[in-house]
Each structure stands twice: as structure tokens, then as C-alpha cells.
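In what follows, a structure is listed as C-alpha cells, so that the remarks can point back to it.
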Amino acid sequence: MDEARHDAIRQAALDYHEFPKPGKLEIRATKPLANGRDLSRAYSPGVAEACLEIKADPATASRYTARGNLVAVVTNGTAVLGLGNIGALASKPVMEGKAVLFKKFANIDCFDIELNEPDPVKLAEIVCALEPTFGAINLEDIKAPDCFIVEKLCREKMNIPVFHDDQHGTAIVVGAAATNALHVAGKAFDQIKIVSTGGGAAGIACLNMLLKLGVKRENVWLCDIHGLVHEGREIDMNPQKAAYAQASDKRTLDEVIEGADLFLGLSGPGVLKPEMVARMAPNPIIFALANPTPEILPDAVRAVAPGAIIATGRSDFPNQVNNVLCFPFIFRGALDVGATQINDAMQLACIEGIAALARATTSAEAAAAYQGEKLSFGPDYLIPKPFDPRLIGVVASAVAKAAMDTGVATRPIADLDAYRDKLNGSVFKSALIMRPVFEAARQAERRIIFAEGEDERVLRAANAMLEEMTDKPILIGRPEVIARRAERAGLSIRPDRDFEIVNPESDARYRDYWQSYHELMARQGVTPDLARAIMRTNSTAIGAIAVHRGDAESLICGTFGQYLWHLKYVTEVLGRCGLSAHGALSLMIMEDGPLFIADTQVNPVPTPEQIAQTVLGAVRHAKRFGVTPKVALCSHSNFGNLDTDSGRRMRAALEILDSETRSFLYEGEMSLDAALDPELRARMLPSSRLEKAANILVFAYSDAANAARNILRMKAGGLEVGPILMGMGNKAHIVTPSITARGLLNVSAIAGTPVAHYAHSS
């Protein structure tokens, strides 16, 4: 790397830590503190009540304080990864970073604590004294063998989990990677020879874990800077190393590497030479985990062993062994059940969860975060990526179960499935609110046809449908293109085997389709030749005809192109027998709850009748999601104070709604702030029939509705479900180009709910 580029990267890293405010953490209040009443509850005298409850029952600390979700990251800075003994103060950026990872990946609050204490016994005493503050302790970057002493003493004296991540976090991820590497290689733990370099905390912990997974003690050969750890050696020995001493006259790595199945390196750059790799067993497994420079680079390994399976500690090579795959989620599970320790069973459950996740189909979210990488289980994909959002649900729930099974959980979870759903809901915002829709969709089997079947997002949604639902996907596209893109995306699904294909170039139904289209459109200027051309080139029209003919129950289209263009073909073909597009409804999932926005796409300037229809459709859908509807008819005017076009139309729509008895709350016309602020609305109209904040906002212009939708999505962190096309009997839904694979899966669940159930839910 040239000097200028190095300087630029260095400065960017420093700027990241300095601006817009120093460091990577801050503390924020979780309760309001806006007036004297709040102050009296937060501090004196109200705080005394919480104190007395905890004094009477210490277990209630997790109810009345943050302790149950609070972890301490503790270090003395004596063994900072890649930097060595830099001292406690200089290690603080690393510990802040660890705290950020806890929050990002598992929503665990964390204090970083850097201690100027080199003596391991005294350090352990300080950590033990912190027990009233924290729900768990993460020891970090403490040199060996001191780290063994600190952890042992803390575990003996403390009644909360104490976990040295450098040891056990590394060991867990190595265990998961080794599990899958052996799966790929067709070998078993009890059959392999392991040669390891590095007798530090991580290296010893990894070997201990591999023994728990079935490796035989006599098949482990440990080397350090002084050579083989052997019986009778006295230099640089400790009990942890001595446990792996071999009765052998061999003394060097070069001598013991012969026939090894697995090399485990946690030492330094260049330790393993290509000629050593050449003498290992066929298709060797190389875990070169030294950072930033591995014991050997992958290209050097493959030059002498093309079939090698390789992992490193670096993100720019496949199979990065990264502790972040483990520590946030093992702590999440341990905290949630009030575990008193993190035992072997919990660690093995963590390994099993991580390894199994890599063998499953990759998630769309992980694929989006790692564009350009092939995330398909095999030699180059042994463990999941850190940003795979499924990790928290799979791993934390497995850890929680293991804690309960082994009797170390003080707050057992009664319903593990619900707990897993809650965890998934923390990363998949739509998971919880979509649950009733998915459950309804699973009660029936509907055929859902996707117009843009070659789109990778569609392929991932189709794969997820096959895994999670009973609905059958039908994809419009060229089979060879779909197969190639599915393989590139790491998906196991293939055309015709797993789902039906409508191939515009050669489908046997082509003649029937173009004739059906011509019959429908003959008096709207569509000639037979034009009908033939459209049925070869227009996938939305093809999908609509498939639904019209009964080859599918619902169409999903719109992953590219303009909404109204798709709507034209949908309404021409399917807008019959009383069906017509009333409006498009977007469900925005916000931090404080769901919010429905309509009409975002269909009617640029809706009539009062269309507004009323939109309200009724939105109410039916809100109930479908288990939401009690509260509708606001939004306008610049507030309850007749302005004689504007939008106000007049909203007042007329209100009269239409008032003409019949309704089973839901609605009010209008009102400004957006009045819709969302009950106190403001009460000052304007004390007799308003609407209670609390509205959760369905119906606008007088589609421009306004679409702007609100996009602001909530782009700037307020809202997650959109939809748009949902209302009025078409669930026969078609038109999404927008920004939709994700998860979004398509959500829409497919909506499309997969039979109309009878849908009508019943209203």
C-alpha cells in the first residue's frame, strides 16, 4: 500500500473516532424526564420504592434496573489483538468498539472498563466487586496465563456469567468452522490429526473445545515459539500448555506437520510454509488465524494443495473466523434466562447453531451486505457472515435452551418458540406484525406468480416461501437464467424441480395465453399480432393472464418499472367482475408501532368515493395484521377551517363514511400533526371521536401519501410492508423497485391469504 493511501486510511479511522463527538458510545435515558413528576419518580422520593423491592428480593434488579441487559467489557490492556501490551488507557477504543458490537448485534447495553492492574489476582478481585452492577462480565485482551487465573477466580466467586471472549469466543467460532470443514472434507473429529501453533489463551481454548467436540488428546500436537510442547520441556511452560505435551523426540513444526488433517494457527505471520502444507494429509484444513497477517496466505496454500479448505481471521478472505459470530448472541441468551454461568453445554449449543446456519440457505440480508460474494455452503463458506440477521434467533435461543436444560437459568423461558420469534423480530422488524398474516397464509395453499422471476430478490423470496409457507411460487423467466442466478446466489432451488416456470420464449401455453389476452382486449385496439408480442415480452401481462385463466391465484410484480405502468395491465386483465383498484396501502413499521399510509400510488387526486373506499380497504388490512384501526382523513384543513380542495373532498368522504354505522374509529379532516398528536387534536376539536394517535393516515393526494411513505422509510427508519393493492380481491399486488427479498416474502404472505379469510378478518 502506498504511503499516501495509508495516511488517508489512518486519518479516516481517526476522524471516525473523533467526529462528530469523541468516542463511539454515549448514555441515553430510557424514561421521560420532562417535568417534576418524572423527576420525583426517577430520583427522590420514587426511586426508593425500587430500591426497597430489590433489597427485599435481589432478583427484581432485572425488573427495576438495566442490570439484566448490562455487560461489562473488562481489560487491563496487556494483550490487545495485533497490538500487544499497550496498557489500559490505549485499549479503550477497542473496548468501546466491543461495546458497540454488543449493542449492534444483540441490543445489549455495555460499559467498557479499563483497569490499571497487572496482577491477575487483584484484577479478579476488582472484577468480582462489580457484580452488583452487571448481568454478565466479558473479559477481554488479558495476556496468558493471567487470563486463565482471572477467569477461574471470577467464575468461582461470581454468580453471573464470566466469559473470556479471546478464549471461548474464538474457540466457539473455530469449533463451528471445524465442524463444517470436516463435513465438507468427509472426516470426523475422532479421526483427525491436529497441529497447532500458538500456546496463548485463544490457542489453548480452541484445543480444549476441539477435544470436547471429539478430537483425541493424543492426536493434538501443539507448537509455540520454542517448538513442540513435549514432556519434560521446562522453558515457557504453564499447566494449560502442559496438558498437551507429547511424549516425542520431535521438536519442530516441520517435523510434526507430516500427515496432519488440520492446521490451527494462532501465532504469527509466515509460520506455516508451503512445503509443510504439501506434506499434510490430502485436502488439508488450514485455519491460519493470525492477524493482520496469517501464518500462511490462501494463495500459497492452494499452490501446493488445490483442494485445501482455508479459514483466516481477515475479512478480505473467505471464512473469516470472527468472534462477533458468537459473543453477542451467547450473552443475549445467557442474560435472557438469568444464567449464572456460561457452561460447556451453552458453548456447544452456540457451535451447533452457528454451524447449522451456514449449512442452511443464506439470507437475503446477508447477501445484500456482502454483494459479490458467493454465500453457498462449501469450502469457501463454512460459517455465516456477521451481518446475517438470523444469528440472533438461532444462536441465542439455542444458548438459552442449553442454560435451562443444564439448570443454570434463574429465569427460564416458558415458550422458546415465542422467544425465538421475539429475537427475530428485533432484527426483522416485520416479523412480529407479519405473524398473523403468515399463519393465515399457511392455512391454505395458493399459487403465487412472480412477474420478474429472474430477479435475485424474487429467487430469494421464492426460496423462503418454500421453506416457511405452503404457497407455491411460479416464476416468469428463462429457466437457464433463473438456474444460473439461483446458483450464483447460493440457493439450492432449481426451476421445474422446486417451482413452476412460465418461459415467455417457449411456454406450451403461449397460444392459449395470447388468445385469452386478445379476447379481453380486442375492442381496446389490441390486434392478434400485438397480443402475441405482449405475451412474449410483457411479464406483468403474462402473469395477469395466468391469474385470469386460473393457473395462479395471485400476481406479484413491480420489482422494476413504474407502478402505474404495471397497474395498467393488472386492471385491464383482472379488473372485472366488480374488481377495481381502490388504492395502494403501505404499512410502515416504526419503532413505536405500525402506521398505515394510503393512497400512495393509484389515485393521484381521489374522489370522495375513492377516499371512502380506501378507508374501508385500509381498515380491513389493519385488522388482518391484528391492529385496531384508528383512521385520520388528512388534509391541510383542520375540521373545516380552510375551504380548500383537499378539505372539501375529505369532508365529503367523511359524510359517505357517516352514512352507515362503522365498527372502527375515524375522524377528519385534519392536518398530519393533529392526526398523530391527541393533545393538539383535543385543543382543536374537544369532541373528536378519534382516540389516541391515528394509525391509518389517508391522504387527499397520492403525492402527499407517497412523500410521507418515503420520508418514513428513508429518514425515520421505517420498514415498509407493501404496497398492498386494495380492491383487486388479492389477485395482484404491485411492489416498488426498492423492495427487498424480505419485503417480497411479506407481500407473498399477503397474497397467499385466501380472500375468504381476508373478508372474515374485516
Side-chain angles (χ1 to χ4, degrees), residues 1 81-82 170-171 173-189 191-200 202-203 206-207 209-210 215 219-225 227-228 250 252-323 325 355 358 370 372-385 490:
M1 184 185 300
L81 181 63
T170 304
V173 182
V174 164
T179 297
N180 282 343
L182 293 177
H183 185 90
V184 172
K187 299 181 180 181
F189 279 111
Q191 299 171 352
I192 62 172
K193 174 184 177 180
I194 295 178
V195 174
S196 179
T197 59
C206 289
L207 294 179
M209 183 60 72
L210 291 170
V215 172
N219 290 341
V220 176
W221 299 74
L222 173 60
C223 299
D224 62 9
I225 195 171
L228 179 69
K250 297 177 181 179
T252 66
L253 174 62
D254 186 60
E255 290 178 293
V256 301
I257 198 69
E258 185 78 34
D261 297 281
L262 169 61
F263 170 80
L264 174 63
L266 291 125
S267 47
V271 168
L272 185 66
K273 308 300 181 185
E275 54 269 26
M276 297 180 185
V277 174
R279 295 181 9 248
M280 293 178 67
N283 301 324
I285 300 168
I286 309 292
F287 287 1
L289 306 182
N291 256 325
T293 306
E295 285 81 359
I296 188 170
L297 291 171
D299 288 346
V301 173
R302 291 199 173 91
V304 295
I309 300 170
I310 309 166
T312 72
R314 288 174 44 157
S315 61
D316 53 347
F317 295 122
N319 298 323
Q320 183 195 18
V321 173
N322 190 329
N323 290 9
L325 289 173
Y370 299 95
E373 296 187 44
K374 185 177 179 180
L375 306 183
S376 178
F377 178 67
D380 288 335
Y381 187 69
L382 300 175
I383 46 179
K385 294 290 189 178

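Values reported hereafter were calculated over all heavy atoms of this structure, with side chains retained and with hydrogens, waters and symmetry mates removed.
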Just do the side chain to side chain contact (heavy atoms under 4.5 Å, CB included) check on Leu266 and Phe287 with the steps written out, would you? CA-CA 9 Å; Leu266 291 125; Phe287 287 1; over 6 Å; no

Could you please spell out the steps behind the side chain to side chain contact (heavy atoms under 4.5 Å, CB included) verdict for Asp261 and Lys187? CA-CA 9 Å; Asp261 297 281; Lys187 299 181 180 181; 2.8 Å; yes

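A donor-acceptor pair under 3.5 Å is absent between the side-chain atoms of Asp224 and the main chain of Gly199, judged by distance alone. With hydrogens and angles ignored, the 3.5 Å screen pairs no side-chain donor or acceptor of Lys193 with any backbone N or O of Ala281.
Using a 4.5 Å cut-off on side-chain heavy atoms (C-beta onward), Phe263 and Val277 make no contact. Contact of the Val220 side chain with the Ser196 side chain is not registered, since no non-hydrogen atoms from C-beta on lie closer than 4.5 Å. Using a 4.5 Å heavy-atom cutoff, the side chains of Ile285 and Ile192 are not in contact. Between Ile296 and Ile310, the closest side-chain pair of non-hydrogen atoms is not below 4.5 Å.
Results of the ring-ring contact (aromatic ring centres under 6.0 Å, His included) test with His183 over Phe377, Phe189, Tyr381 single out Phe377 as the only residue that passes.
Closest non-hydrogen pair, Thr312 versus Pro298, comes out as CG2-CG, 4.1 Å.
Pairs of residues two or more places apart, or lying in two chains, that qualify as salt bridge (Lys or Arg N to Asp or Glu O under 4.0 Å) and include a residue from residues 292-311 are Arg302-Asp380.
Ion pairing of Asp254 with Arg279 is present here, as a side-chain N (NZ or NE/NH1/NH2) and a carboxylate O approach within less than 4.0 Å.
For Asn323, the side chain to side chain donor-acceptor pair (under 3.5 Å) partners two or more places apart in sequence, or in a different chain, are Asp165, Thr170.
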